Amino acid sequence: MIVSTLAFYLFAAITVASAFMVISAKNPVHSVLYLILAFFNSAALFVLLGAEFLAMILVVVYVGAVAVLFLFVVMMLDINFAELRQGFLQYLPIGGLIGIILLIELILVVSGWALSPEAIQVAAQTTPTVSDKTNTEQLGQIIYTQYAYLFQAAGMILLVAMIGAIVLTHRQRPGVKKQVIADQVYRKPEEAMAVRKVEPGQGV
Amino acid sequence: MAEFWDIYALPTIIIVGQILLIVVPLLVAVAYLTLYERKVMAVMQLRKGPNVVGPFGLLQPLADGAKLFFKETVVPTGANKILFLLAPMVTFILSLIAWAVIPFDEGMVLADINVGGLYLFAISSLGVYGIIIAGWASNSRYPFLGALRSAAQMVSYEVSIGFVIVTVLLCAGTLNLSGVVLSQKGDLGMLNWWFVPLFPMFIIFFISILAETNRHPFDLPEAEAELVAGYQTEYSSMAFALFFLGEYANMILMSGICTILFLGGWLPPADIAPFTWIPGVVWFGIKVAILLFVFIWVRATLPRYRYDQLMRLGWKVFLPFSLLWVVLTAGFLVFFDMVPA
């Protein structure tokens, strides 16, 4: 038991430290790499909880896809972050004020928090042991059976968002030559070449 | 103290021993894969290949390794030193840790976890980091271009690999890799393996792993005619060797995954006497070697793709087709009530 506790503190400490480095690192590429480290350690925390499916999905989606695109974009942007940071002290009071307001709001919400009787019942139920069902199966039951329609709705919303983003950013540039494979396939020898009889010394 | 020994120390020693049992043969396999490649290519091109060091050139990989080991590691002045040296390590380590969940025979697996398929997918999607970090940290034009190409390429082909894995898992009814292999066991022997009912997906998977491992004809990240050596340009000595080992280990790994998903893992091609005498590990090895032969065959045969053709193939051909096939497979299984419990 003591090893898993130690492992928890190790992973949690690295998560928090690397999350802090994300916002304080000077180089944006380093920030993204620290973000990846934070994701990894969160995945490790999921494993410690016995939620191996969530851990793997976190690595696949966030580290394998989102952070790659992030890194890709950040590497290609030529941002001078030292310049961006110059106004830091100037904006500190306003930023601090907003932070404090948000903190107070959070405290107000959390202190007035009460669980509905149903939720208390759910929380009181014993969790099934791991050997009963794998958590992949349980998540499948919940998402694809119990909440299938909500899941579909979420998927449709994301699809619309994706199409929207493409429509907004896509622009057609005139005068760009593109390969049309169908044209190439349908081209016949008669259209493409001519056989000439060349007399010696005269050329075509 | 005795308790500590039983609960922690002893299992740790056993696991370390098992890890060594996997990694050492793997590294030997990687070394001899390079020789295999050179010999096979040589035969295909009517040459002799390496034949000077040792009998039939059998000691050539060791000589190459020793040569690289004694060379100087050069770090470019403008490079980001830590990341520059981290990148080859990332590539190498990622190519090794995926082997933890590969079942070589029934019960012969380091970690028989329930989400083995997802674990492999997660690890293979991380492979791009080694390359992209190397390209950026080198602080040089060609490596950076190679890294950008590679990142786009690997992300594109991962999508179709994901869908292919989903189809197989739908048919097998489990994410556990030993379970996937056992689901291919049946009276028909070879014809029970998933490559028969899912043949188009097998082809798509194989082409996608060519792209995922940056092999010919999709080796644009290191296209030597345009980019010198792509992301590896600035690397020398052991840093280069780690990249090299990582890439070849990845080739073996991807062939292993393909074997498990489609070619029945350790199962013999027919459940009758002469085939069942051979142990499962050997069958696994033979199947992987056949797939690796195809890797090399493709390299010796096909010219390199153009970059837009590569992207078109990934996004406009493989993605729609594999997505359609997932839907068809799922529909078929539900309609005929064949969903595995």
Side-chain angles (χ1 to χ4, degrees), chain A residues 1-4 6-7 25-30 32-37 39-40 43 46-47 50-78 130-131 133-140 144 176-181 184, chain B residues 4 7-9 11-12 80 82-83 86-87 90 94 101 111 113-129 131-133 135-137 139 144-145 147-152 154-156 158-159 161-162 165 169 173-176 179 306 308-309 312-313 316-317 330 341:
Chain A
M1 261 307 73
I2 192 159
V3 171
S4 65
L6 283 177
K26 284 224 169 69
N27 191 324
V29 174
H30 291 177
V32 179
L33 292 176
Y34 278 117
L35 186 66
I36 292 164
L37 187 61
F39 283 145
F40 255 116
F46 272 130
V47 172
E52 73 258 13
F53 184 80
L54 283 180
M56 291 304 150
I57 288 295
L58 186 77
V59 175
V60 171
V61 175
Y62 283 93
V63 184
V66 174
V68 171
L69 292 181
F70 222 61
L71 197 60
F72 197 82
V73 172
V74 167
M75 276 181 181
M76 291 206 289
L77 290 180
D78 192 21
V130 180
S131 57
K133 270 183 172 177
T134 64
N135 58 53
T136 315
E137 204 177 331
Q138 284 171 329
L139 276 171
Y144 296 108
V176 178
K177 282 188 182 166
K178 270 191 183 155
Q179 182 184 20
V180 184
I181 290 175
Q184 294 179 344
Chain B
F4 174 79
I7 299 176
Y8 295 118
T12 312
N80 188 324
I82 297 171
L83 289 181
L86 191 71
V90 168
L94 284 175
V101 296
I113 57 174
N114 280 327
V115 288
L118 263 181
Y119 175 80
L120 281 183
F121 187 58
I123 298 298
S124 74
S125 67
L126 297 181
V128 65
Y129 280 111
I131 294 173
I132 200 170
I133 293 173
W136 183 79
N139 197 11
F144 190 56
L145 284 174
L148 289 182
R149 278 186 178 190
S150 169
M154 289 172 92
V155 168
S156 310
E158 224 146 67
V159 187
I161 286 187
I165 294 181
L169 298 180
T174 174
L175 277 169
N176 183 307
R306 217 171 55 211
D308 61 321
Q309 291 171 330
R312 180 182 160 272
L313 186 70
K316 291 189 180 169
V317 181

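Proteins get letters first, then strands, A, B, ... in listed order; numbering begins at 1 in each. Note that the coordinates shown come from a computational prediction; the quantities given were computed from them, not determined experimentally.
Heavy atoms of other residues, nucleotides or ligands lying less than 6.0 angstrom from OH of A:Tyr62 number 12 at most. In this structure, A:Tyr34 places its OH atom where only 12 or fewer heavy-atom neighbours from other residues, nucleotides or ligands lie under 6.0 Å away.
The two residues A:Gly64 and B:Ser125 have their closest heavy-atom pair at CA-OG, 3.7 Å. A:Met56 approaches B:Ala122 most closely through the heavy-atom pair O-CB, 4.3 Å.
Per-residue counts of heavy-atom pairs under 4.5 Å with chain A were compared for B:Val115, B:Val159, B:Asp308; the largest is that of B:Val115.
Side chains of A:Leu71 and B:Trp136 form no contact here, defined as non-hydrogen atoms less than 4.5 Å apart. The shortest distance between side-chain heavy atoms of B:Val128 and A:Phe72 does not fall below 4.5 Å. No side-chain heavy atom of B:Met154 sits under 4.5 Å from any side-chain heavy atom of A:Val68. Side-chain contact between A:Met76 and B:Leu148: present, with at least one pair of heavy atoms (C-beta onward) separated by less than 4.5 Å.
Looking at B:Leu118, the atoms closer than 4.5 Å to chain A (heavy atoms on both sides) sit in the backbone and in the side chain alike. Using a 4.5 Å cut-off between heavy atoms, B:Leu175 contacts chain A through its side chain alone, with no backbone atom that close. With a threshold of 4.5 angstrom between heavy atoms, A:Ile181 approaches chain B through side-chain atoms but not through N, CA, C or O. Proximity to chain B involves both the backbone and the side chain of A:Ala67, based on heavy atoms less than 4.5 angstrom apart. Neither the backbone nor the side chain of B:Ile123 comes within contact range of chain A; no heavy atom of the residue lies under 4.5 Å from a heavy atom of that chain. In this structure, the portion of A:Val29 lying under 4.5 Å from any heavy atom of chain B is its side chain and not its backbone.
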**Step-by-step side-chain contact (heavy atoms from CB on, under 4.5 Å) determination, A:Glu52 to B:Ile113** = CA-CA 9 Å; A:Glu52 73 258 13; B:Ile113 57 174; over 6 Å; no

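A donor-acceptor pair under 3.5 Å links the side-chain atoms of B:Tyr129 to the main chain of A:Val63, judged by distance alone.
From B:Ile133, atom CD1 reaches atom CE of A:Met75 across 6.5 Å, with rounding to the nearest 0.5 Å.
Side-chain contact, A:Gln179 with B:Arg306: a donor N or O sits under 3.5 Å from an acceptor N or O.
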